Amino acid sequence: MLDMKLFRTETEYVKERLATRGVASQTIDELITLDTKRRDLIQETEQLKAKRNVVSEEIAVAKRNKQDASAVIAEMQAVGAKIKSIDAELETVEASIFSIASHLPNMPHESIPVGPDEEANVEIRTDGQIPEFDFEPKNHWEIGEDLGILDFERGAKVAGARFLYYVGQGARLERAIYNFMLDEHRKEGYKEMLTPYMVNYDSMFGTGQYPKFEEDAYRVGVENDMTLIPTAEVPLTNYYRDEVIPAEKLPVYFTAVSPSFRQEAGSAGRDTRGLIRLHQFNKVEMVKFAKPEDSYNELEKMVTNAENILQRLGLPYHVINLSTGDMGFSAAKTYDLEVWMPAQNMYREISSCSNTEAFQARRAHIQYRDADGKLQFVHTLNGSGLAVGRTVAAILENCQNADGTVTIPEALRPYFGADKIVKEDEL
RNA sequence: GGAGAUAUGGCAGAGUGGUAAUGCAGCGGACUCGAAAUCCGCCGAACCCGUGUUGAACGGGUGCGCAGGUUCAAAUCCUGUUAUCUCCUCCA
């Protein structure tokens, strides 16, 4: 959520910045009209309430003195009715303001490329050696199925398309990867957490998924409305919802592994095979709460933390700065890490690190007291470190051998307990 | 799942229809070489609106877990709801 004051005071600037994210300037005009209306109504009702307070005191005095107050009371009944009708009107105006404001995306940071879509993204740097094969490299799902460590067929039977079983060494590889990632992040100062996998509406609102993207999430429960988390960012960021974080604790770093549940509405037909696009996948997440003046420095450090995982695993990748058109709803600036996938001969997203500035903090009411003791919104950041399923896919493809086995990256061997994946017994 | 209790500033804690006590903490001062203790004073209920400033102030409204309702007037009465605690039930 953006600061209403900004719309009033910096109207043209806000219009210009939000236009880069596809927000029509009429929407801002409408918002400002409603805001003016709101403030007029507030003044109107508050004057009447001030009168009511004064007269109520007079009535109290009269009653104490056993005097008749029925004439004044009758007069106040009319005032009360007027207040009620103005307040009702005010309520509808505020509801309109809320429904517009809560659907507006964050303002993009000055340093990001302007453009309508991913074509405008800018590559920042590349790292790692793209592997050369003296054989035709296989897709990761072929490798996984041939080795008997990924079972998509039975996943589809038991749950549906875009679900799978990891089998034997596959399950062990997944576990090795997220244990490795969590240990790395713990060393970098992140507090390891385990979070709820279902959250309430307010939490989904706080991080910006709701109300605009309700169709992307899995809603469960009839009596009490819960949502399966689409990312651990939601429970981690909402940890401090409606709280004031003591300034000396900032910055706060959290990390957690969790499943992420996504409907993938609108991506029918894309990435229908393999580990790239699933309704349920594991992800190690990083979340930070920082003072505004530190948040962009913290973003750079977070990207470094995600890159470190790829470097330790020896996976080639590049870092891109997302354009205004490709960025997520809550983000002011986002770096994506894309890992090289040999079989597809292209980079695929494996991490996304964003600074949302005060956008989420304003929705979720997460504050701290600055040096003057004033309440300020913190800045929140989130990043994947990394998507575990896609990491499995990248390892299978980049580390595959001609004989169909897969070599385990050095850093993972203590976690995996072997140096290569060999064919599983048939089940 | 059933029954009961509780929810008020940073903390503790009064307030059963007339418009949020008090204590601790905090800030300033007196006393003191200094501190503690003591005494005096101030401040404090996340917020919103207006005038003003740009991080001075003033005025008004709101605010007692949350959302509604009754009333001229609600922390107080009514309804719903959430969280916590205790007991029962169930369970890993």
Side-chain angles (χ1 to χ4, degrees), chain A residues 1-10 13 31-98 101-102 194 196-206 210-211 221-227 235 238-250 289 291-293 358 360-378:
Chain A
M1 201 96 92
L2 296 164
D3 187 354
M4 258 326 283
K5 286 197 195 87
L6 213 57
F7 291 102
R8 279 179 224 152
T9 57
E10 309 282 343
Y13 176 75
L31 197 57
I32 287 173
T33 304
L34 285 164
D35 181 56
T36 306
K37 179 76 176 163
R38 167 176 176 266
R39 287 183 295 151
D40 288 347
L41 288 170
I42 285 174
Q43 289 189 49
E44 215 178 317
T45 185
E46 287 193 353
Q47 275 175 25
L48 290 172
K49 284 174 182 171
K51 178 178 183 182
R52 181 175 69 183
N53 286 342
V54 171
V55 177
S56 286
E57 183 57 33
E58 287 169 19
I59 292 171
V61 171
K63 291 250 178 183
R64 268 197 291 274
N65 297 334
K66 309 280 187 217
Q67 290 166 344
D68 176 51
S70 54
V72 200
I73 288 175
E75 189 194 330
M76 281 301 102
Q77 280 173 337
V79 172
K82 183 72 179 161
I83 289 173
K84 204 169 213 172
S85 79
I86 296 172
D87 280 351
E89 192 183 352
L90 182 60
E91 201 177 320
T92 66
V93 169
E94 291 189 327
S96 304
I97 290 173
F98 181 80
S102 62
L194 271 180
Y197 297 153
M198 287 188 268
V199 295
N200 56 31
Y201 190 97
D202 288 347
S203 294
M204 290 295 280
F205 181 84
Y210 286 177
V222 179
E223 291 269 315
N224 42 352
D225 175 32
M226 303 289 279
T227 299
N238 280 281
Y239 185 80
Y240 282 122
R241 175 154 54 81
D242 295 323
E243 291 192 35
V244 177
I245 306 176
E248 66 272 14
K249 290 195 175 168
L250 294 173
F289 304 83
K291 293 179 187 174
E293 62 268 29
Q360 292 179 327
R362 204 173 284 115
R363 289 175 160 247
H365 303 120
I366 308 172
Q367 295 167 299
Y368 77 102
R369 281 186 199 281
D370 65 18
D372 298 319
K374 284 191 158 185
L375 286 171
Q376 306 280 0
F377 290 112
V378 300

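None of these values were measured; they are calculated from a predicted model. In what follows, every chain begins at residue 1, and chains take the letters A, B, ... in the order their sequences are listed.
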| query | When rounded to the nearest Å, what value does the distance between C1' atoms of B/U62 and B/A5 take? | reply | 30 Å
| query | Nearest-Å distance, CG (A/N200) to C1' (B/C66)? | reply | 13 Å
| said: Taking pairing as Watson-Crick or G-U wobble with both contacts under 3.5 Å, can you name the mate of B/A37, or confirm there isn't one? | reply: none
| query | Just checking A/E57: base, sugar-phosphate only, or nothing, at a heavy-atom cut-off of under 4.0 Å? | reply | sugar-phosphate
| task | Could you tell me whether the phosphate oxygens of B/G61, OP1 or OP2, come under 4.0 Å of any side-chain nitrogen or oxygen in A/N53? | result | yes
| What is the distance from NZ of A/K49 to C1' of B/G63, rounded to the nearest Å? | 12 Å
| task | For B/C49, take OP1 and OP2 only and decide whether either is under 4.0 Å from a side-chain N or O of A/R8. | result | yes
| said: Taking only the C1' atom of each, what is the distance from B/A14 to B/C24 in whole angstrom? | reply: 15 Å
| task | Could you let me know what B/U71 is paired to, Watson-Crick or G-U wobble, both distances under 3.5 Å, or none if it's on its own? | result | none
| query | Side chains of A/S203 and A/Y210: is there a donor and an acceptor less than 3.5 Å apart? | reply | no
| task | Would you kindly give the CD-to-C1' distance between A/Q47 and B/U62, to the nearest whole Å? | result | 16 Å
| request: Provide the closest heavy-atom pair for A/G206 versus A/A364 in the form atom of the first, atom of the second, distance. | output: CA-CB, 3.9 Å
| query | With both distances under 3.5 Å as the test, what is the Watson-Crick or G-U wobble partner of B/U32? | reply | none
| remark: Rounded to whole Å, the CG-P distance (A/L41 to B/G50) equals 12 Å
| field | Nearest-angstrom distance from the residue atom CE of A/M4 to C1' of B/C47 | value | 16 Å
| NZ of A/K51 versus P of B/G61: gap in Å, rounded? | 14 Å
| With side chains defined as the heavy atoms from C-beta onward, is the minimum distance between A/M226 and A/V199 less than 4.5 Å? | no
| message | Using side-chain heavy atoms (C-beta onward) and a distance below 4.5 Å, is A/P211 in contact with A/M204? | response | no
| query | Can a side chain N or O of A/R52 be found less than 4.0 Å away from OP1 or OP2 on B/U62? | reply | yes
| task | Please measure how far the P atom in B/A35 lies from the corresponding atom in B/C31, and state the result in whole Å. | result | 12 Å
| In the strands shown, is B/U81 matched to any nucleotide by a Watson-Crick or G-U wobble pair with both distances under 3.5 Å, and which? | B/G65
| query | Would you say A/K82 reaches B/C72's phosphate, i.e. side-chain N/O to OP1/OP2 under 4.0 Å? | reply | no
| message | Can you check the distance between B/G28 and B/C43, where both ends of the measurement are the C1' atom (answer in whole Å)? | response | 10 Å
| field | Test item: A/N53 and A/E57 side chains (from C-beta on) under 4.5 Å apart, heavy atoms | value | no
| remark: In Watson-Crick or G-U wobble terms, with both distances under 3.5 Å, the base opposite B/A57 is B/U51
| task | Name the nucleic acid region contacted by A/I42, choosing base, sugar-phosphate or nothing; use a 4.0 angstrom heavy-atom cut-off, strictly under. | result | sugar-phosphate
| task | Using the C1' atom on both, measure B/G1 against B/C90 and round to a whole Å. | result | 8 Å
| What is the distance from CG of A/D87 to P of B/A67, rounded to the nearest Å? | 14 Å
| Closest-nucleotide 5' rank along RNA chain B - winner of A/I59 and A/R39 | A/R39
| message | Let's see if you can work this out: which of B/C72, B/G61, B/G18 has an atom nearest to the side-chain heavy atoms of A/Q77? | response | B/C72
| How far does the P atom of B/U89 sit from the matching atom of B/A3, given to the nearest Å? | 15 Å
| field | No-H, no-angle donor-acceptor pair, A/Q43 side chain to B/G50 base, under 3.5 Å | value | no
| Distance in angstrom units between A/D202 CG and B/G65 P, rounded | 18 Å
| field | Closest heavy-atom pair and its distance - A/V93, A/K37 | value | CG2-CG, 3.9 Å
| task | Could you say whether A/E91 or A/G80 is positioned toward the 5' end of RNA chain B, judged by the nucleotide with the nearest heavy atom to each? | result | A/E91
| query | Is there a Watson-Crick or G-U wobble partner for B/G9 with both distances under 3.5 Å, and if so, which one is it? | reply | none
| query | Within a strict 4.5 Å, meaning less than it, do heavy atoms of the A/I366 and A/F377 side chains meet? | reply | no
| Paired with B/C87 by Watson-Crick or G-U wobble geometry, both distances under 3.5 Å: which nucleotide is it? | B/G2
| task | Evaluate the side-chain proximity of A/F7 to A/D35: yes if any heavy-atom separation is below 4.5 Å, no if none is. | result | no
| Nearest-neighbour nucleotide for the A/Q367 side chain, B/G50, B/C72, B/A46 considered | B/A46
| task | May I ask you to say what A/K84 touches in the nucleic acid, namely base, sugar-phosphate or nothing, with a heavy-atom cut-off under 4.0 Å? | result | sugar-phosphate
| remark: Ranking B/C72, B/C47, B/U19 by distance to the side chain of A/L375, first place goes to B/C47
| task | Determine the interatomic distance between P on B/G65 and the same-named atom on B/G10; round to the nearest Å. | result | 14 Å
| task | Would you mind telling me which of B/G50, B/C48, B/C72 lies closest to the side-chain atoms of A/S56? | result | B/C72
| Taking atom P in both B/C85 and B/U70, what distance in whole Å separates the two? | 35 Å
| message | Checking contacts here: which listed nucleotide (B/C48, B/G60, B/A73) is nearest the side-chain heavy atoms of A/A50? | response | B/G60
